[in-house]
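Because only heavy atoms are used, hydrogens play no part in the values below, and waters and symmetry mates are left out as well, while side chains stay in. Everything quoted here is computed from the prediction, not taken from an experiment.
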Amino acid sequence: MNKKKIFLALLPVFLLTTLLVGCGNNNETSDKKTLELTSSTQINTMDSSLNTDMYGAQNLTNTMSGLYRYDGDKLEPDLAKSVVKPTNGGKTYTFELRKSKWSNGKYVTADDFVYAWRRIVDPQTASQYAYIYSGVKNADDIMIGKKPVDSLGIKALGKYKLQVDLDQPIPYFNALMTSSQFYPLYKPTVVAAGKQYGLDSSKMVFNGPFKLVNWKVGNMTWTEVKNDKYWNKNNVKLDTVTYDVIKDSNTGINLYDTHMVDRFEKIGGDTARQVATSKDFSIDKQPSTAYIELNQAKDPVLRNQKIRQAISLSFDRKELTENVLGKTAILDSTVVPSGISKDPTTGKDFTENPELNSLKQYSEYNPKKAAKLWKEGLKETGEKNLTFTLLGDNISVKQSEFLQSQMEKNLPGINVKIENVPFKNRLQRSTSGDFDMVVSLWNGDYPDPITFLNLFTTGNPQNNGKYSNKEYDKLINDSETIHANDPVARNNDLIKATKIITEEQGVIPMFQSVQANLTRPNLKNYKISPVSLYNLDTTYKK
């Protein structure tokens, strides 16, 4: 961060209101070919097989190309020449690939996809995202070591022709292909870098609109430059994209108001309320939900349904979303957010299904009922007093303090300790099971309810709380197998599964995220996809 930015970071908070007077002025950052953005945290990895968070996914989207790409909410072919319709009853996809190159000048071939896909499902890679391949032929058996990696349902039919075979139809398969986990990889580079792959841009090659340069993991700033080897380079308007990690909203406002960034994203709740009247202010509804995972493996008492239900009823979500989180969240009573899918019969949002209306009772603030269920749960488990540690991110201190206060106020005999850690550490501890209660947030990988609901099936690596219900597992499995080609039956499976996990509070839904932003009026075509990523190859500054 340069000296001017350091100075601005030290400006006192009371100057915020004065600075905001400038928001919306026609002054822009000077360079029309450079886009200057903010990020809430560093990139943890640029290895598409190992990345698990949105920050890595966005930068992979900037620098890599897969079969398809979202432009706003429109699915467009990228390395594939067209959006493919399946054959063989929905189980075979055949892709004709464009002739395109890696940033080192080598051609991107069908074998690069084969290598990348086999690598992520290989148990030795230990990818937390390998499960997303479930449904690709033999993927499930490969991931548990029952079949060899080379039996995966993908093969090169030629240098620029690729065939994918599925165990059963996947209704959202084309949308899934935009996810970074399905990007190709250039094997010689990955092998040469070894364990350093994805941690140092000098040990990587890229095939997308931009190249990441002079970056190492942990950097607080990074730069991406136009990739002159990208197949669609003539339509990429920007030469450079820069990111600065800004963890304090007041600092971000200072940078925006002094025209040092073109867009300040993910504004914190307190600040979002203060800048909401600026004409540059906007919100992006996110296909993401926040929820509390309860470690049912570590703390057997959390397997008690009444204990979980009591915790859910003990805190006021309206107070949380409106006053604690400001303009950054909306109410959500299930783990499936609104706006991600439509009912195949009515055309209405999935979350508006009449069968889900009654589920609000499990998330409505009800201290009296919470205390009653809590006492009954304690009696059933033989406990009198319980102490839990609530794990959260260090940028969510107020949220953690609010939950602590509400639980201790409304649940007699509970003691809640707070532990807020860096985002990366929270992910690591969630995965290893080193928590009692943890606030997690999941952003959909593709626009379908299953991207949320399958997280909590028994054995899923993202099921950190180890919730398990056989009927729930069966419904999710049926939706992906016997009902995969029947939209109505499949939707009914997902509705029933949503009811089960919500009634049992297998995880405790908190809110749906809304991203608050300030954006320069001259920034054009900066459009959000159905999975909250931005496609910068169509973005420009007027």
Atom pair [atom1] ([X]) and [atom2] ([Y]), whose distance is rounded to the nearest 0.5 Å:
X	Y	atom1	atom2	value
Ser180	Leu533	OG	CG	8.0 Å
Asp53	Leu441	CG	CG	11.0 Å
Asp434	Arg426	CG	CZ	13.5 Å
Thr389	Gln404	OG1	CD	10.5 Å
Lys417	Met437	NZ	CE	12.0 Å

Sub-4.5 Å side-chain heavy-atom contact between [X] and [Y]:
X	Y	result
Val507	Ile501	yes
Ile330	Lys285	yes
Val439	Met510	yes

(Q) Between Glu76 and Lys74, does any NZ, NE, NH1 or NH2 come within less than 4.0 Å of an OD or OE carboxylate oxygen? (A)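 A salt bridge is present here (some side-chain N lies under 4.0 Å from a carboxylate O).
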**Q.** Test side chain to side chain contact (heavy atoms under 4.5 Å, CB included) applied to Thr125 - qualifying residues, sequence neighbours left out
**A.**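 Side chain to side chain contact (heavy atoms under 4.5 Å, CB included) list for Thr125, sorted by chain: Ser49, Leu50, Arg119, Asp122, Ser127.
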Q | side chain to side chain contact (heavy atoms under 4.5 Å, CB included) partners for Glu265, two or more places apart | A |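 With sequence neighbours excluded, Glu265 shows a side chain to side chain contact (heavy atoms under 4.5 Å, CB included) to Thr38, Arg263, Gln515, Asn517, Tyr526, Tyr534, given in chain and number order.
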Q | Ring geometry between Tyr446 and Tyr172 (parallel below 30°, tilted from 30 to 60°, perpendicular above 60°) | A |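 Ring orientation of Tyr172 relative to Tyr446: parallel.
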Q: Name the orientation class of the two ring planes belonging to Tyr129 and Tyr131 (parallel below 30°, tilted from 30 to 60°, perpendicular beyond 60°).
A: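 Tyr129 vs Tyr131 ring planes: parallel.
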Q: Going by the ring-ring contact (aromatic ring centres under 6.0 Å, His included) test, name the single residue among Phe452, Phe456, Phe511, Tyr467 that passes it with Tyr291.
A: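 Going through Phe452, Phe456, Phe511, Tyr467 one by one, the ring-ring contact (aromatic ring centres under 6.0 Å, His included) with Tyr291 is satisfied by Phe456 alone.
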Q: Among Met177, Arg69, Met64, find the one that has a side-chain contact (heavy atoms from CB on, under 4.5 Å) with Asp78.
A: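 Looking at Met177, Arg69, Met64, the match for Asp78 under the side-chain contact (heavy atoms from CB on, under 4.5 Å) is Arg69.
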**Q.** Donor-acceptor contact below 3.5 Å, side chain Lys233 vs main chain Asp228
**A.**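 Checked: pair present.
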Q) Under the criterion side chain to side chain donor-acceptor pair (under 3.5 Å), which of Ser312, Ser333, Ser363 is the partner of Arg317? A)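 The side chain to side chain donor-acceptor pair (under 3.5 Å) with Arg317 is passed solely by Ser312 among Ser312, Ser333, Ser363.
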Q.
Per the ring-ring contact (aromatic ring centres under 6.0 Å, His included) rule, what does the pair list look like for residues 231-251, sequence neighbours excluded?
A.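 As it turns out, the ring-ring contact (aromatic ring centres under 6.0 Å, His included) pairs with a partner in residues 231-251, which skip direct neighbours, are Trp222-Tyr243.
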